[in-house]
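Here is the structure we will look at, set down as structure tokens.
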Amino acid sequence: VTYTYNWSLRDIALSGEGNIFAIMYDGAGIDPVNDIPFSDTQLWFGHFDPDGNFIFSLAAEEPRRVEFDPLNNHLFATTESNLATFDYDPDTGNITIVDGTDIPVGTNCTDFAISPRGDRLAYICPRGNYPVEEFSVVDMSPRAYFNNDGEWFFGNSPITGTFSNDGTLFLGADNDRLYLFDVKTHLILGDFELGLLEGESVSFVRFSRDGGIIYLLIDNERYADNSKFYWMPTPNIQGSPL
């Protein structure tokens, strides 16, 4: 008997050799081949080869995002609060969770970024990364999140962030301003007022591939037609050499 899995993708990341990591949803709730229940949320985590063949699959309760760092063979999985780091062995395809990870690093988190060298993480959460309310994003080590090098402070609840292509700048935004931070010193090098209209909120900020342009997506839940996509030349601001 041939069984068909009717799953849909929720997120996807590529490994260095072309393998695929994915978060998937399957409404059936039960693996028909092995008669094993999926998670309560009917979400699971899959690893495929470049031809789409399963290497392994795991049930997962509330995954939101999966990312991969090919330089250090780190796989990252997030929920709305937890962050987990895995070591990935490209020879065997095995993943092993790093001790001390899979822990809460915020609540209702909205964005995640890996520095180009893979030595820093930014998990952006509106109430900050610490249990007390703080408008900051912690400069995390991928293997010891709170053995950190400092934090980038926002004027209001941080929503989104990303690293520049050379890793010296951290770009972030709340619903008031756009910020450019020095990655090494964590100081604000420049900030720009957004001037959002009623009902508008920031969705994400990103750099272009060549680093010369900043992209900003604005959502408007009340007036969908007024959602906006902005871009601007990256200011001539230099971060400290790493």
Seminar exercise, completed: The single option from Asp219, Leu197, Leu217 that satisfies side-chain contact (heavy atoms from CB on, under 4.5 Å) with Lys228 is Leu197
For this session: Compute the centroid of each ring, for Phe181 and then for Phe154, and state whether the two points are separated by less than 6.0 Å.
Result: yes
For this session: Could you list the residues that satisfy salt bridge (Lys or Arg N to Asp or Glu O under 4.0 Å) with Asp11, not counting sequence neighbours?
Result: none
Exercise. What's the spacing between Leu187 CG and Trp152 CH2 if we round to 0.5 Å?
Worked result: 12.0 Å
Problem set entry | Under 3.5 Å side-chain donor-acceptor pair for Tyr88 and Asn19 | yes
Exercise. Less than 6.0 Å separating the ring centroids of Tyr215 and Phe204?
Worked result: no
Problem set entry | Sequence-distant partners of Arg65, salt bridge (Lys or Arg N to Asp or Glu O under 4.0 Å), two or more places apart | Glu67, Asp111
Exercise. Can a donor-acceptor pair be found between the side chains of Thr85 and Tyr145 at a distance below 3.5 Å?
Worked result: yes
Problem set entry | Expected output: side-chain Asn108 to main-chain Cys125 donor-acceptor under 3.5 Å | no
Problem set entry | Side-chain H-bond candidate by donor/acceptor type, Ser240 with Asp182, under 3.5 Å | yes
Problem set entry | Nearest atoms (heavy-atom pairs only) where Arg206 meets Gly161 | NH1-O, 3.8 Å
Exercise. Considering all heavy atoms of both residues, which atom of Val183 and which atom of Asp139 are nearest to each other, and what is their separation?
Worked result: O-OD2, 4.0 Å
Exercise. Do Phe48 and Phe54 make the cut of ring centroids closer than 6.0 angstrom?
Worked result: yes
Exercise. Transitively linked via ILVMFWY side-chain contacts under 4.5 Å: Phe207 with Val202?
Worked result: yes
Problem set entry | Atom pair CG/OG of Leu121 and Ser141 - distance to nearest 0.5 Å | 7.0 Å
Seminar exercise, completed: disulfide bond (SG atoms under 2.5 Å apart) pairs touching residues 147-214, sequence neighbours excluded, are none
